[in-house]
Amino acid sequence: MTLRLGDTAPDFVQESSAGTIHFHAWLGESWGVLFSHPADFTPVCTTELGLTAKLKDEFAARNVKAIALSVDPLDSHHEWIKDINETQHTVVNFPILADADRKVSELYDMIHPNANATLTVRSLFIIDPAKKVRLIITYPASTGRNFNEVLRVIDSLQLTEYHKVATPGNWQAGDDVVIVPSLQDPEEIARRFPKGHTVIKPYLRLTPQPDKR
Ligand code: BEZ
């Protein structure tokens with residue numbers, strides 16, 4: 001199944017290292033990061049899952065739950081988690097789906113047969129509390145993802161969702177943001193952005209990040 005931005009993230013029931021996951025119910029009112037990796041006991045994946053564990057507080061501060069997936073079985077995940085904890089100096093604190101029957105991989109199109117016939121690529125989906133897919137990225141097996149970039153995108157998505165601003169290229173938390181073009185009512189602009197804004201062009205209006213003091 002091909003997923004696109006704005007689609008409803010498919011629901012599923014699958015086993016994981018933290019018990020059976022009923023995906024939509026497990027997400028609840030949270031945002032979600034669902035990401036696949038090619039295989040257990042591989043070096044890049046070991047670092048990625050360690051990084052995710054270390055970002056627990058950052059994800060929690062953003063009301064985000066992380067969940068990983070590979071097509072390895074549950075007993076393999078449990079053995080590998082010991083290695084991740086040991087080598088990455090952390091404790092895996094999120095579920096790893098055991099998708100040996102490829103149920104979730106196929107729902108989310110995580111197996112790209114011309115890259116590898118049987119293993120998942122590095123797919124990553126950000127899902128909002130309405131269960132809509134808000135970001136899709138796909139990396140090859142040999143390139144570990146930048147999880148600081150994942151946090152940056154979550155910050156941007158949440159600013160758009162809750163404050164009607166977008167974020168410019170290379171934006172980092174704390175930089176000025178862009179008032180979305182659809183927002184034209186001067187009273188609403190004044191109310192939403194009491195710190196003021198700068199009109200560079202009618203379509204390019206900058207304002208300090210609204211949720212920062
Ligand atoms: C890794 O996670 O290290 C990896 C997995 C598959 C291919 C290449 C690297």
Side-chain angles (χ1 to χ4, degrees), residues 1-5 9-10 12-21 23 26-27 30-60 62 64-127 133-155 157:
M1 175 171 172
T2 303
L3 278 177
R4 294 178 176 167
L5 300 188
F12 59 79
V13 180
Q14 184 60 289
E15 295 310 314
S16 87
S17 57
T20 306
I21 299 288
F23 188 51
W26 177 82
L27 282 170
S30 300
W31 292 67
V33 174
L34 167 64
F35 64 105
S36 59
H37 55 272
D40 294 359
F41 300 103
T42 50
V44 176
C45 303
T46 300
T47 62
E48 283 195 328
L49 271 67
L51 280 171
T52 305
K54 288 177 190 170
L55 290 175
K56 178 180 189 227
D57 291 347
E58 297 291 341
F59 285 126
R62 293 162 174 82
V64 175
K65 289 181 174 176
I67 184 165
L69 172 151
S70 77
V71 294
D72 295 295
L74 205 48
D75 55 350
S76 166
H77 284 354
H78 285 304
E79 284 305 308
W80 183 41
I81 284 169
K82 293 180 200 164
D83 282 5
I84 300 170
N85 293 347
E86 175 196 331
T87 63
Q88 306 305 302
H89 311 291
T90 188
V91 175
V92 171
N93 44 40
F94 54 89
I96 308 175
L97 292 163
D99 200 40
D101 62 2
R102 301 178 176 201
K103 181 169 38 178
V104 181
S105 311
E106 285 171 9
L107 268 179
Y108 282 79
D109 200 23
M110 291 164 163
I111 296 176
H112 295 198
N114 291 325
N116 188 299
T118 54
L119 302 179
T120 44
V121 293
R122 296 189 197 281
S123 298
L124 186 147
F125 300 84
I126 296 179
I127 299 160
V133 175
R134 300 292 291 271
L135 174 92
I136 302 172
I137 59 171
T138 308
Y139 272 44
S142 51
T143 306
R145 287 157 287 200
N146 183 333
F147 284 81
N148 291 326
E149 169 64 4
V150 174
L151 291 177
R152 193 188 75 95
V153 177
I154 292 166
D155 285 344
L157 287 168

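Excluded from the calculations below are hydrogen atoms, water molecules and symmetry mates; all remaining heavy atoms, backbone and side chain alike, are included. All ligand and atom numbering here is 1-based and tracks the order in the structure.
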Side chains of Asp40 and His77: donor-acceptor distance under 3.5 Å anywhere? yes

I'd like to know whether Tyr108 forms a side-chain contact (heavy atoms from CB on, under 4.5 Å) with Thr120, so could you lay out the CA-CA distance, the side-chain angles of the two residues, the decisive distance to 0.1 Å, and finally the verdict. CA-CA 10 Å; Tyr108 282 79; Thr120 44; over 6 Å; no

Side chain proximity check, Glu79 to Asp83, heavy atoms < 4.5 angstrom: no

Have a look at Asp99 and tell me which of Ser16, Ser105, Ser36, Ser70 forms a side-chain hydrogen bond (donor to acceptor under 3.5 Å, both in side chains) with it. Ser105

Taking Trp80 as the fixed residue, which of Asn85, Thr46, Asp75 is the one that meets the side-chain hydrogen bond (donor to acceptor under 3.5 Å, both in side chains) rule? Thr46

Lys82 and Glu86 ion-paired at < 4.0 Å: no

Short N or O contacts of ligand 1 with protein, under 3.5 Å, listed by atom name?
residue, atom, partner, partner atom, Å
ligand 1, 2 (O), Thr42, OG1, 3.0
ligand 1, 2 (O), Val44, N, 3.2
ligand 1, 2 (O), Cys45, N, 2.9
ligand 1, 2 (O), Arg122, NH2, 3.0
ligand 1, 3 (O), Pro43, N, 3.1
ligand 1, 3 (O), Val44, N, 2.5

